[in-house]
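Numbered from 1 within each chain, the chains take letters A, B, ... in sequence-line order.
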Protein chains: 2
Amino acid sequence: MANIYDVAQRADVSVATVSRYIRGQPVRPDNAEVIAQAIADLDYRPSIAARALVTKRTGVVGMVVPNIANAFYSEVFRGFHDCLLADNYQVILANSDGLPNQETQVIDSLVRLGVEGLALVPLASEAALGSEAQRSAIRRLQRIQTSGSTAVVVITECLPYQEAFDTVSVDGREAAYVATRHLLRTGREHVMPLGGHPEADAVRRRIDGYHQAMIEYGLSSYSLRHYPGGMDRESGYRLMEKVLREHPEVTAVLGVNDQVALGALMFLEDHAIQIPEQVAVMGIDDVAEARIVRPRLSTVAQPQYEIGYEAGRLLLARTGGEEEPDGPICRMLPTRLKVRESTWELPQSVPEPKPEPLSSPGRDG
Amino acid sequence: MANIYDVAQRADVSVATVSRYIRGQPVRPDNAEVIAQAIADLDYRPSIAARALVTKRTGVVGMVVPNIANAFYSEVFRGFHDCLLADNYQVILANSDGLPNQETQVIDSLVRLGVEGLALVPLASEAALGSEAQRSAIRRLQRIQTSGSTAVVVITECLPYQEAFDTVSVDGREAAYVATRHLLRTGREHVMPLGGHPEADAVRRRIDGYHQAMIEYGLSSYSLRHYPGGMDRESGYRLMEKVLREHPEVTAVLGVNDQVALGALMFLEDHAIQIPEQVAVMGIDDVAEARIVRPRLSTVAQPQYEIGYEAGRLLLARTGGEEEPDGPICRMLPTRLKVRESTWELPQSVPEPKPEPLSSPGRDG
DNA sequence: TTGAAAGCGTTACCAT
DNA sequence: ATGGTAACGCTTTCAA
């Protein structure tokens with residue numbers, strides 16, 4: 001690999017001049033030309049490592065998510081990515097894979113690599129809740145934010161994080177409230193919430209929103225119910241089965257997120273139970289799959305792309321240096337009810353579906 | 001940010017000793033203890049950049065894919081990720097977003113960041129085909145492989161890449177052949193292949209496989225047909241409409257990949273055309289969505305996770321230093337026919353579905 | 001086992 | 001506008 005000295009020598013100028021040329025500082029035109037040629041000849045690429053050593057700037061930011069294979073995070077990442085690319089940052093993505101250890105590991109790696117900013121979607125798994133583990137994770141992040149030159153933004157509804165970092169989130173309570181109310185308004189009384197562990201702030205808020213709606217409709221007998229469990233499709237599938245066994249009177253289920261709702265929906269489909277006539281299904285998030293399954297899944301949409309984009313903007317605000325806001329700022333983005341086939345009104349005959357635009361570009365390799 | 005000198009000073013030893021301690025070399029026990037304490041106190045993290053400057057080793061490898069939001073690549077990445085993590089490498093993922101410019105940009109970034117290895121799923125879009133653009137992309141990669149200390153592996157069926165780099169791929173011709181034969185065997189004669197541009201090696205091979213099967217069945221009148229187009233769901237949706245208009249006699253369509261097939265399937269669903277009774281639908285790849293939609297999509301599965309994992313192994317073989325194989329090695333992985341509801345045999349009544357295990361863990365935040 | 005000092009490739013400062 | 005040179009934080013000789 002050629003270095004800046006090789007280029008300088010070949011161009012017959014000093015390294016300082018080459019350095020200036022690289023960074024776009026004024027250089028005499030004839031020199032510029034020779035240097036450009038030398039760079040091309042030698043296939044020279046400035047080492048970010050060496051540069052960072054002196055400037056503290058790498059032009060790289062990182063994002064850590066629990067699971068890239070999850071459509072929700074993919075969209076968040078795309079928004080983040082687009083925002084930062086517009087500011088000439090490169091973005092690298094790392095996976096925490098649902099493992100607290102790996103989360104701290106990859107964060108550490110990114111920091112040591114010299115990322116200027118770090119966007120984190122923290123784990124909210126059973127292993128990482130409330131407890132000491134989470135507090136120490138937060139302390140570590142705080143040290144990174146304070147001591148290092150690494151800005152931090154967290155995408156979460158989790159309070160401890162919101163108190164310490166710039167965060168972006170949605171109002172999960174409201175989302176679940178709207179979802180439940182929609183089910184009630186369309187004639188379902190026996191609504192059951194599915195999945196998630198209430199120890200997680202995000203889950204608790206959603207369950208709260210559900211309870212609130214039920215109580216408002218005078219259905220307090222239901223208001224305390226909840227089938228807790230994992231937050232993936234398999235969990236939704238199993239929970240749906242259990243609910244049907246234990247509460248055959250149920251006329252609607254509300255997945256704590258789309259994955260759970262999709263699992264429930266799949267169970268119903270597999271057992272030839274009419275959706276939404278016998279059981280209506282509703283999710284929260286609006287991941288890409290919700291628009292692919294038939295019947296399409298009703299849900300309360302989180303603006304995933306915007307969440308990522310906003311996280312990027314917060315990061316840039318801190319990275320830019322200049323006028324930093326002092327307190328941690330918490331950006332709350334609005335959700336939106338999406339009524340689809342899985343909760344269509346009961347008496348009404350099924351109208352000709354007007355397909356939504358398909359999303360998510362396809363594999364092209 | 002504390003550096004190694006701060007630690008040395010606080011521990012009252014030399015930087016050399018600290019350095020040895022960090023790297024696990026023998027240090028007198030009492031010293032080890034003081035150093036450990038100092039590191040903890042100062043929250044010291046060795047700078048990868050500084051280390052890389054002298055060792056040329058960053059412990060980081062990168063992967064570049066066209067689109068993270070695509071389930072196919074997510075799975076490939078997971079396999080790659082798992083393989084490298086087992087060898088204590090950190091993995092960073094970058095998105096080329098379908099844009100040739102951005103592809104070269106992110107590759108460049110990764111290299112300059114000092115990744116020791118680079119796994120690439122190259123663009124195969126219209127913009128990046130056969131032409132000069134592709135050749136120059138390949139040349140760039142070759143220089144990286146040669147001059148730098150960066151190993152390269154490419155995941156592709158594209159010949160020019162296979163000649164120059166370690167590659168991992170599947171036999172797309174065979175896959176399409178198997179898919180088509182399955183359709184023919186189950187009583188469909190009028191099979192139409194959908195999507196993709198034949199200029200892409202991968203697409204051409206798949207179309208070839210289709211042709212071969214049609215010819216073997218004496219259906220050469222169909223053997224030359226192909227509805228070319230994009231490789232995403234929208235394209236599949238539109239192409240399905242077009243086929244139905246121009247060839248209402250069609251009894252089956254073969255998407256050049258699952259996304260196209262899914263688009264076709266959605267069109268049929270939206271227009272209340274019976275699947276598979278009126279039109280059977282088949283894809284190639286087996287992305288996660290294929291198991292979610294109803295009817296479930298029949299397809300020929302690419303071992304996505306294994307593809308990524310194998311790419312990781314090839315990279316490690318080059319990175320490890322020692323005994324490098326000399327020629328470019330091309331690992332060809334087997335595909336597998338997955339018969340699902342979208343192609344069930346015609347006369348047969350619909351059996352009780354035995355659900356496959358659900359896959360892809362869910363959002364847990 | 002330890003410490004001193006010479007790099008690694010780049011930028012930034014200071015003369016010129 | 002240019003060139004010389006001291007950092008930057010780490011590893012790696014080489015002596016002790």
K.L.:
Please tell me which of the listed nucleotides, D/dT2, C/dT2, C/dG3, lies nearest to the side chain of B/Arg28?
P.N.:
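So the side chain of B/Arg28 is nearest to C/dT2.
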K.L.:
Do A/Asp201 and A/Tyr161 have a side chain donor and acceptor closer than 3.5 Å?
P.N.:
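No - no donor-acceptor pair under 3.5 Å links their side chains.
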K.L.:
For nucleotides 9-16 of chain D, just jot down a letter per nucleotide in 5' to 3' order: B, S or -, based on protein non-hydrogen atoms under 4.0 Å.
P.N.:
BBSB----
K.L.:
Whole Å only: how far is the CD1 atom of A/Ile35 from the C1' atom of D/dG3?
P.N.:
12 Å
K.L.:
Write down the distance between CZ (B/Arg112) and C1' (C/dT10), rounded to a whole number of angstrom.
P.N.:
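Rounded to whole Å, this separation is 11 Å.
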K.L.:
Holding to side-chain contact (heavy atoms from CB on, under 4.5 Å), I want the full list of residues that pass it with B/Ala49, two or more places apart in sequence or in another chain.
P.N.:
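By the side-chain contact (heavy atoms from CB on, under 4.5 Å) rule, B/Ala49 matches A/Ala49, B/Ser47.
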K.L.:
Just distance, no hydrogens or angles: give the donor-acceptor pairs under 3.5 Å from side chains in residues 1-10 of chain B, sequence neighbours left out.
P.N.:
| residue | atom | partner | partner atom | Å |
| --- | --- | --- | --- | --- |
| B/Asn3 | OD1 | B/Tyr5 | N | 2.9 |
| B/Asn3 | OD1 | B/Asp6 | N | 3.0 |
| B/Asp6 | OD2 | B/Asn3 | N | 2.9 |
| B/Arg10 | NE | B/Asp41 | OD2 | 3.2 |
| B/Arg10 | NH2 | B/Asp41 | OD2 | 3.1 |

K.L.:
Report the C-alpha distance between B/Leu316 and B/Tyr89 in whole Å, list the side-chain angles of each, state the deciding distance to 0.1 Å, and finish with yes or no for side-chain contact (heavy atoms from CB on, under 4.5 Å).
P.N.:
CA-CA 10 Å; B/Leu316 288 175; B/Tyr89 276 92; 3.6 Å; yes
K.L.:
About how many Å separate CG of B/Leu113 and OG1 of A/Thr58, when rounded to the nearest 0.5 Å?
P.N.:
7.0 Å
K.L.:
Strictly below 4.0 Å, N to O, side chains only: are B/Glu132 and B/Arg139 in salt-bridge contact?
P.N.:
yes
K.L.:
Rounded to whole angstrom units, what separation is found between the CD atom of A/Gln9 and the P atom of C/dG9?
P.N.:
14 Å
K.L.:
For B/Thr17 and C/dG3, is the shortest distance between a side-chain N/O and OP1 or OP2 below 4.0 Å?
P.N.:
yes
